[in-house]
Each structure stands twice: as structure tokens, then as C-alpha cells.
Amino acid sequence: MSTPNYGDQPGPGGHFQGQVPQQGAYNPQFQGQVPAPGPNGQFQGQVPAPGEKKSRGKIAAIISVIVVAILVVVGGGAFALSRLVGGGYKSPDALAQSIDSAFAKNSLVSLAGAASPEELNAATTWQKDYKHNGGTDWSKLMDLKALKDYVDQIDIKKSEMEYTVDTKSDQVALITITKWEGDVEIKPELADKIREHYKEAKGSDLTANESQAFDKMKQDIQNNPVSSGNVLKNFPNNKLTLVSVKEDGKWYLSGYMTVAEQFLGTGSAQPNYSANFTDVKGASSPEEAVSGMVDALRNGASIGSEDVYRYLDLPERRVAAVYGGGSSSSGYSASGMGGSGVQVTWGLSSTKVSGGAIVNLGTTSITMGEYKVEFNGDSLTVSYPDIDTRTFRTTTKTMTTNYTEGLVNPERLGVFTVEDANGWHVSLVRTIGNLNLLAASDDAVNQAIDGLWSATGSYGVDVSKDEVRDLALNNKPVGALLVIGWNFAKNMK
């Protein structure tokens, strides 16, 4: 049963991100990226282990339903939006009613059209160039079959919401859930389904630690399979505020704006809901989008100033414009990097890829007093003062490393930019997603693991060298980052 009304009810938001959530913590992870257990060995949506506070155990079960709803929005939404004409709602009120109905009728799939197309497109751009690695294909972990299997293991027996809708501007509205009683059952088979699709995606047998993590997940669900009560109990003020945005005449749920509302919307700086973020001039080139944004921040502009956010892609631009503090001193800036203390000589270069261009550092140099960092294609040279402790004479030392050595696609290491009718913009979401495509040769990965393990050892890490090697070889981005780390480490010996 729903009781809609209208008014200003600001409150913390939930995590409806246009990305696949990451295991172990309620943080974004991109669709198809290899999952990893969190620090406590738990996976996303897992009920806390016995011994933790019961209130957290009860709420975690219901929150896991929301998480699965997000998976459906992203996975199913991508499918629906790519094959059907439609999606979106005629008003924020219609969107709010749809969210209420989806939970009340245990029909989370009906939310597939609620996700912001701009955010969904940004989160999945990298998949256009994704090629699975031999038997490893992480996209299978979150394909439509997998998502359906996950949803089938969660039964929402009851959901009763009360909410308000407050239209802040012609582009932004707040949907605040003020009361939410729920009753949900999570079947232990959810852990089996995740294990099944994880193994299929990996293309090889699970390691001992991986098997143990899935066993623990199943046991924890068995210990607390059913939960009921106040879904909002663990949210500040017992409220959950979702942010709706308008795109191409229809209203959608914005994951990024919702998260920003949760963390920034109730702070000392009031959100600027009426900010203009739709009609702004971008940069004339991919390189200018990066250098222009950085220079504006270095010159003291707030991230909420149009001087800065005009260089951002729409999903990030909306967040910056509304929650970035405007041009006031309370907004974030990087003015401490300006002046004579730090000098940047730009020499950026770019490579065209599917959906945009990746900007690399090229021949850029950064000078900070007696310290200097110089990029030259694939190499990086650091100059720094060295004091002789006997004579107290200062000399300049340098260290040069080919930091991309061993990478098979070093051009992927950079900032992703996109072009629209108003110019080029920096896409932070695509930049992170693009790292999923970064890869190194198997020989380079093996050398990096041998070198790092020899230099540092395990230091109490509860995994073996072989398990680390298995992870790095099956998850190309992890292997590539280890290779980059080893390229620096071996030059510091």
C-alpha cells in the first residue's frame, strides 16, 4: 500500500548505480568485471556472519533485494533499452509508483526501464571492445541468464511503502521513501547460482579460497534466510531519497545523483538543483577536455562551477553541478596545485576508440620545486634532489622507467573522453570501465608476480602465490596493474 504526497523531504539516498555492484561492499563495479570477496570474505548481498548485530543481519537481507534489483536494472535494462523503443516514465510520480509496485508485486524485472540511459551507456561502453580471455569470460557472471537465476532465489513476500515526490527543477526530482515495511526470503541456493556462474565465467576450477568464500556465503544465508521489518531502519532519519532525472523528455532513476544526495545532499553546502548542466560548451578536442578541467581546478574554480563541470560528461556533470558547491569557497577545488608551486607543461596525446577517445600523458611534464616528473610516450622520468650526508651537497638524481612495458594495449592507459553536440567531455565512469580492457602478456604477468613476491613476500596475506597468479592470469586488468607496479618497483631497487 502506498501513500504518495508532495513536499520537500531531503534525506540520504540509496545506491542505485548504473553499474554492477561489487562484492564485499556496497560500491560500484562494472558489469562483467571479475568479482572479488571483500576484506571479510563476504560477497555483495550476503547476510552477515553469526555474531554480528541482529539488526544488521535483518536489514542486510532486504538490502540484498535492492542490490539484485539494481543488477536487473543494469543487466535487464541494458537488454531492454537496446532492443525495445521505450523505457523511462512520463513523470517522477509515475517512476515512484513503478518502484513501489515492483517491490510490492515481487516483479523487480519491471524496473528494467528505470535506469538512466546516459549512465547505463557510460557504464557499459567498454563492453563494445571486450574480448574474453580464452576460457575466461566475466560477462557471463552478469548476463541475462545469470541475473534471472539470481532474482529467482529472492522472494519478496511483502513490501509496503510511503513516499513523497518533490520536483526540484525541470531536470531533477527527489523521491523520498519515508516508510518501508518489508518481508523477504533469500534462498541459500543464491550462493550456488553465483558459484555456478562464477565458475562458468572463470572457465576453470575454483581455488580453495574461492570455494571457501562461496561455502561461507551459503552458510550465512542459511543462518538468516528470512527477514522482515523496517527496511529503512539503518538509514539516517529512517528515510531513503532517490533522485530522478529527465533525459529526452522522460524521467529515469539516476544512480550517481542518488549516491551524491546520500552523502552530499544533507551537508552544509545546499545542493543547486536548478543548475544548468544540459546546455554547456565542451572542449574542442579530447586533449583540451582533460587539460581544461585540470587547469580550471588548479586556478581555484570549484568543481560545482561551470568552468569545471562543462568539461565533464553528463552523468558526472549533473553531480558536479548540483552537489559541487557552485562557485562558493565551500566547493571542492584544487587551487593548492596552482601558482608557482606546481607547473604543468601539457603534451597530451589521444587515441580514438569505440565510443570516444583515450587521452594519454604523452610528453606532459610536472614540476614541483626541485622535483620533476616527465612523461615521454611509454617512459617516465622522475628527477629529485639527493643530499650527500657527509658533504651536505645536493645533487639531482633521476629514475627512468618504461611503465607500460609488458602491456599489450598501452594506449588504453589514460582518461576516456566522449564527444557530443557541444564538444568533448571527460567521462570518469568510462575511464574506470576502460581499465577492464587493459591487458598484459602472460610472460609479463608471471615475471611481475615472481618479482613482487620475491621482493615483498606474502606479509601475512592468506593466499598463496599460485592463487595470486591464477587471479592475475584470469583477470587481465589485475595482471596489467601488477605488471605496471612491478615496472616501477624493479627500477627502485
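Fair warning: this is a prediction, and the values are worked out from it, not measured in the lab.
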Drop me the distance from Y130's OH to S354's OG, to the nearest 0.5 angstrom.
-> 15.5 Å

Side-chain contact, heavy-atom cut-off 4.5 Å: I303 with Y323?
-> no

Report the C-alpha distance between Y256 and V243 in whole Å, list the side-chain angles of each, state the deciding distance to 0.1 Å, and finish with yes or no for side-chain contact (heavy atoms from CB on, under 4.5 Å).
-> CA-CA 9 Å; Y256 308 140; V243 180; over 6 Å; no

Hey, are the side chains of V342 and I366 touching, using non-hydrogen atoms and a 4.5 Å cut-off?
-> yes

Kindly say whether G433 contributes a backbone atom to a donor-acceptor pair with the side chain of N436 at under 3.5 angstrom?
-> yes

Please report the shortest heavy-atom distance between Y309 and G304, naming the atom on each side.
-> CE2-O, 3.3 Å

Looking only at side chains, do Y252 and E119 share a donor and an acceptor under 3.5 Å apart?
-> no

Gap separating the CG atom of N491 from the CH2 atom of W486, nearest 0.5 angstrom | 9.5 Å

Intermediate values then yes/no, salt bridge (Lys or Arg N to Asp or Glu O under 4.0 Å), D442 and R469 = CA-CA 10 Å; D442 287 352; R469 193 185 306 276; over 6 Å; no

Non-hydrogen side-chain atoms of T394 and D386 separated by less than 4.5 Å = no

Using residues 410-420 as the side-chain source, report each donor-acceptor pair under 3.5 Å to any protein atom, sequence neighbours left out, with the distance given to one decimal.
unit_1: R412; atom_1: NH1; unit_2: N434; atom_2: OD1; d: 2.8
unit_1: R412; atom_1: NH2; unit_2: D129; atom_2: OD2; d: 2.7
unit_1: T417; atom_1: OG1; unit_2: A357; atom_2: O; d: 2.9
unit_1: D420; atom_1: OD1; unit_2: N422; atom_2: N; d: 2.8
unit_1: D420; atom_1: OD1; unit_2: G423; atom_2: N; d: 3.1
unit_1: D420; atom_1: OD1; unit_2: H425; atom_2: NE2; d: 3.1
unit_1: D420; atom_1: OD2; unit_2: H425; atom_2: NE2; d: 3.2

Identify the two heavy atoms, one from S383 and one from T396, that lie closest to each other, and give their separation to 0.1 Å.
-> CB-CG2, 4.1 Å

Would you say T364's side chain and L361's backbone share a donor-acceptor pair under 3.5 angstrom?
-> yes

With rounding to the nearest 0.5 Å, note down the distance linking CG in L240 to CD1 in I177.
-> 4.5 Å

Can you see which heavy atom on G282 is nearest to which on R310, and at what distance?
-> O-NH1, 3.4 Å

Heavy-atom check, side chain of Y384 versus side chain of V382, under 4.5 Å | yes

Would you confirm whether E467, through its side chain, and S464, through its main-chain N or O, come within 3.5 Å as a donor-acceptor pair?
-> yes

Once the angle between the rings of Y403 and F375 is folded into 0 to 90°, is it parallel (under 30°), tilted (30 to 60°) or perpendicular (over 60°)?
-> perpendicular

Cationic N near anionic O, under 4.0 Å, K372 to E374 | yes

With distance as the sole criterion, is a donor-acceptor pair present between the side chains of T400 and S379 under 3.5 Å?
-> no

N-O pairing of R195 and E210 below 4.0 Å = no

Distance (rounded to the nearest 0.5 Å) between M293 CE and D307 CG | 13.5 Å

Would you check if the side chain of N487 reaches a backbone N or O of E405 as a donor-acceptor pair within less than 3.5 Å?
-> yes

Do you know which two heavy atoms are closest between N402 and D378, and how far apart they sit?
-> OD1-O, 2.9 Å

Which atom names give the shortest non-hydrogen contact between G325 and S302, and what distance separates them?
-> C-OG, 4.1 Å

Hey, mind stepping through T241 and T176 against side chain to side chain donor-acceptor pair (under 3.5 Å) and telling me if it holds?
-> CA-CA 4 Å; T241 299; T176 301; 3.1 Å; yes

Does the pair L348 and S291 meet the rule for a side-chain contact (heavy atoms from CB on, under 4.5 Å), with working shown?
-> CA-CA 8 Å; L348 302 174; S291 62; 4.1 Å; yes

Side-chain donor or acceptor of S454 paired with backbone N/O of D450 under 3.5 Å = no

Is the closest side-chain heavy-atom distance between E306 and V280 below 4.5 Å?
-> yes

Hey, are the side chains of V165 and L174 touching, using non-hydrogen atoms and a 4.5 Å cut-off?
-> no

At what distance, to the nearest 0.5 angstrom, does OG of S274 lie from CG of N276?
-> 9.5 Å

The single option from E261, E247, E118 that satisfies salt bridge (Lys or Arg N to Asp or Glu O under 4.0 Å) with R318 is E247

Centroid separation F214 to Y198 less than 6.0 Å = yes

Ignoring hydrogens and geometry, is there a side-chain-to-backbone donor-acceptor pair from N121 to P117 under 3.5 Å?
-> no

Does the pair R430/D313 count as a salt bridge with the N-to-O cut at 4.0 Å?
-> yes

Does P385 reach the side chain of Y371, with side-chain heavy atoms less than 4.5 Å apart?
-> yes

Side-chain (S305) to main-chain (A301) donor-acceptor, under 3.5 angstrom | no

For the residue pair V344 and R298, establish whether any side-chain heavy-atom pair is separated by less than 4.5 Å.
-> yes

For D166 and I175, indicate whether the former's side chain and the latter's backbone hold a donor-acceptor pair under 3.5 Å.
-> no

Taking it one step at a time, do D466 and V468 satisfy side-chain contact (heavy atoms from CB on, under 4.5 Å)?
-> CA-CA 5 Å; D466 288 339; V468 173; over 6 Å; no

Over 12 non-hydrogen atoms of neighbours within 6.0 angstrom of CG in D248 = no

Search all heavy atoms of S91 against all heavy atoms of W251 and return the closest pair with its distance.
-> CA-CD1, 3.6 Å

Sub-3.5 Å donor-acceptor pair from the side chain of T167 to the main-chain atoms of S169, do we have one?
-> no

Would F277 and Q171 count as a side-chain contact (heavy atoms from CB on, under 4.5 Å) if you check the C-alpha gap in whole Å, the side-chain angles of each, and the deciding distance to 0.1 Å?
-> CA-CA 9 Å; F277 50 72; Q171 297 291 326; 3.6 Å; yes

State plainly whether the residues D470 and K202 are in salt-bridge range, i.e. N to O under 4.0 Å.
-> yes

Between atom CD1 of I358 and atom OG of S350, what is the distance when rounded to the nearest 0.5 Å?
-> 10.0 Å

